[in-house]
Amino acid sequence: SAIAAILSMAVCSINYAAAPIPVSLPVAPTGYAITSGGALATIDGENAVALYPKIWQGDAANPITKNVGGKLAAIAWKRVGKNSYLLVLSKTDHSLYVLDDKTLATVKTIPVGENVSSLAAPAAPDVPLAYIGHEHNSGIVPERVNLITCVSQGKLKNVDPDNDLITVSTDGNFLYGTRSGTSPSGIRLYRLPLATATDLAASSIVDIHDSVPGYVPDALGQYVAAGKNIYTDEWKVYVGPLDAAPVAFFSDRPLVAALDKDELQLLSANTFKKLATVSLVPGAEPAPKSTRSTRTSSTPFSRTPAWTILPDPSHNSLLACKEDKVLVVSLADLNIPAEPFLYATLEGTTDLKDGKPATLRIIKNDPRIAVALDSGPAGMKLTGDSLAWTPAPEDVGRAAFTLKINAPGLERTQEFSLAVRRSRIPLPCSPNEIRASAAGNIVALLTHATPARNSRDGEIPHFLREFFSSISTRVPSSPIVR
């Protein structure tokens with residue numbers, strides 16, 4: 001569902017954290033990931049993986065290490081059902097290594113193609129897929145791997161090679177990327193719909209004129225951050241430009257981490273307003289500013305940011321990683337308001353028929369929020385959590401409605417879309433024969449009627465004119481009459 005504009009926001013002061021805990025690693029890693037238990041996983045050198053289980057305590061001593069083999073290109077953490085793994089991509093071995101995220105024991109080695117360069121995995125645990133980026137000419141071609149069968153499903157076809165694979169959406173339905181050379185001074189953002197078939201076409205969505213270091217999908221699948229803008233799933237700018245580029249969404253609370261050089265900003269994921277600021281350079285705390293005036297480490301980037309930010313919900317903290325430096329930032333020191341997620345979903349079918357009563361249930365993401373119907377088609381009513389509506393013939397097509405979601409000091413709107421289909425179309429006569437195309441999008445009727453004198457081929461007989469005029473708003477195109 002697309003997200004509508006923010007209506008109002010609470011105003012609170014910006015907090016500043018105590019100095020983060022600095023930790024030095026033995027070597028400067030070339031890749032970082034964090035597990036659900038808060039352990040830091042790194043790529044050390046060309047073929048080694050290190051795991052730091054106590055990094056959240058400021059302890060980098062005695063890491064668990066493993067030589068995987070081959071020149072390693074990327075690392076990511078991925079949950080599959082109730083199990084969780086570290087995915088490690090090897091360039092020279094042409095393999096994706098699936099490692100236990102607590103012991104680094106090899107669970108499975110999956111052969112992949114050559115020229116691998118990047119790795120993306122959807123955060124949703126019920127999507128057991130990973131996408132491998134292959135360098136090809138001036139861009140990247142993605143390959144899909146099933147992490148349950150541990151078999152590659154091959155490279156996706158019909159994908160324009162002049163692109164960069166950036167990341168995959170939380171629910172695994174879309175790949176996001178950039179394509180260069182399509183606008184005078186910038187790049188084109190694209191969204192690639194993913195299905196079970198391998199023949200997919202990348203759909204270019206919007207041209208921009210600013211460099212985008214990468215995409216960051218939010219934890220709930222509502223929107224995606226690109227550069228300093230927040231976009232809806234329909235590629236509309238929801239919020240932006242912000243003061244800093246979002247680099248990570250928290251999964252357990254509505255919080256966004258954003259970077260402006262060596263300044264870390266924490267924003268509300270409900271309003272995208274600044275809640276706290278932390279300097280990542282010791283001894284260079286920013287000066288306090290006035291009150292507000294106006295998901296994860298597995299996300300690859302086309303250009304690596306100065307800092308890699310890894311949220312650690314299990315310890316109410318985050319890690320800021322750069323070369324061999326790790327800063328442990330405690331969120332408890334920031335006194336960030338405990339906001340609920342202002343978000344709701346629908347339970348029930350969203351594919352409706354005209355004239356048939358429909359009831360859907362509104363599911364609140366948090367019991368602290370209140371939901372009201374802000375706007376919708378005629379006849380739609382919300383009683384408690386039950387949304388009732390009987391579509392009329394004139395509602396055939398896309399029907400949108402908006403919910404107003406609020407909590408103390410917070411308010412926003414969320415837009416939903418329903419599909420209304422025709423259940424029947426009355427005919428002015430009884431056809432002698434009726435035939436439908438295999439796709440079901442064309443229907444041919446044969447009726448015995450005497451055309452008017454001097455009527456031309458293709459002219460609609462008088463007795464059909466009024467009928468076709470009355471249904472013109474309910475059929476996709478004008479009929480052809482012979």
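Side chains are part of it too, since the values below use all heavy atoms of this structure and drop only hydrogens, waters and symmetry mates. Everything numeric here is computed off the predicted structure, so don't read it as measured data.
At distances below 3.5 Å, not a single donor-acceptor pair connects side-chain atoms of Asp100 with backbone N or O atoms of Val107. Checking side-chain atoms of Asp44 against main-chain N and O of Ala48 turns up no donor-acceptor pair under 3.5 Å. In terms of modelled atom types and a separation under 3.5 Å, the side chain of Ser152 and the main chain of Gly154 share a donor-acceptor contact. For Ser90 (side chain) and Ser95 (main-chain N/O), no donor-acceptor pair under 3.5 Å exists by modelled atom type.
One side chain, Asp171 or Ser169, offers a donor N or O that lies under 3.5 Å from an acceptor on the other. Glu263 and Thr277 share no side-chain donor-acceptor pair at under 3.5 Å.
Under the ring-ring contact (aromatic ring centres under 6.0 Å, His included) criterion, no residue pair touches residues 93-130, with sequence neighbours excluded. Counting only residues at least two apart or on different chains, the ring-ring contact (aromatic ring centres under 6.0 Å, His included) pairs with a member in residues 311-340 are Trp56-His315.
By the 6.0 Å contact criterion, NZ on Lys71 is open, its count of non-hydrogen atoms from other residues, nucleotides or ligands being 12 or less. The environment of CG in Asp351 is crowded: more than 12 heavy-atom neighbours from other residues, nucleotides or ligands sit within 6.0 Å.
Between Tyr223 and Phe249, the angle of the ring planes lies from 30° to 60°, which puts this pair in the tilted group.
With contacts defined as side-chain heavy-atom distances shorter than 4.5 Å, the pair Pro311/Ser251 does not qualify. Contact check for Pro20 versus Leu264: no side-chain heavy atoms found under the 4.5 Å cut-off.
Remark: of the listed residues Ile110, Leu89, Val151, Leu87, Ile110 is the sole one forming a side chain to side chain contact (heavy atoms under 4.5 Å, CB included) with Val145. Each of Ile362, Thr359, Leu360 was checked for a side chain to side chain contact (heavy atoms under 4.5 Å, CB included) with Ser386, and the lone residue meeting it is Thr359.
The two atoms that bring Ala344 and Phe416 nearest to each other are O-CZ, 3.5 Å, heavy atoms only. Contact record, Val23 with Ala60: CG1-CB, 3.5 Å, taken as the closest heavy-atom pair.
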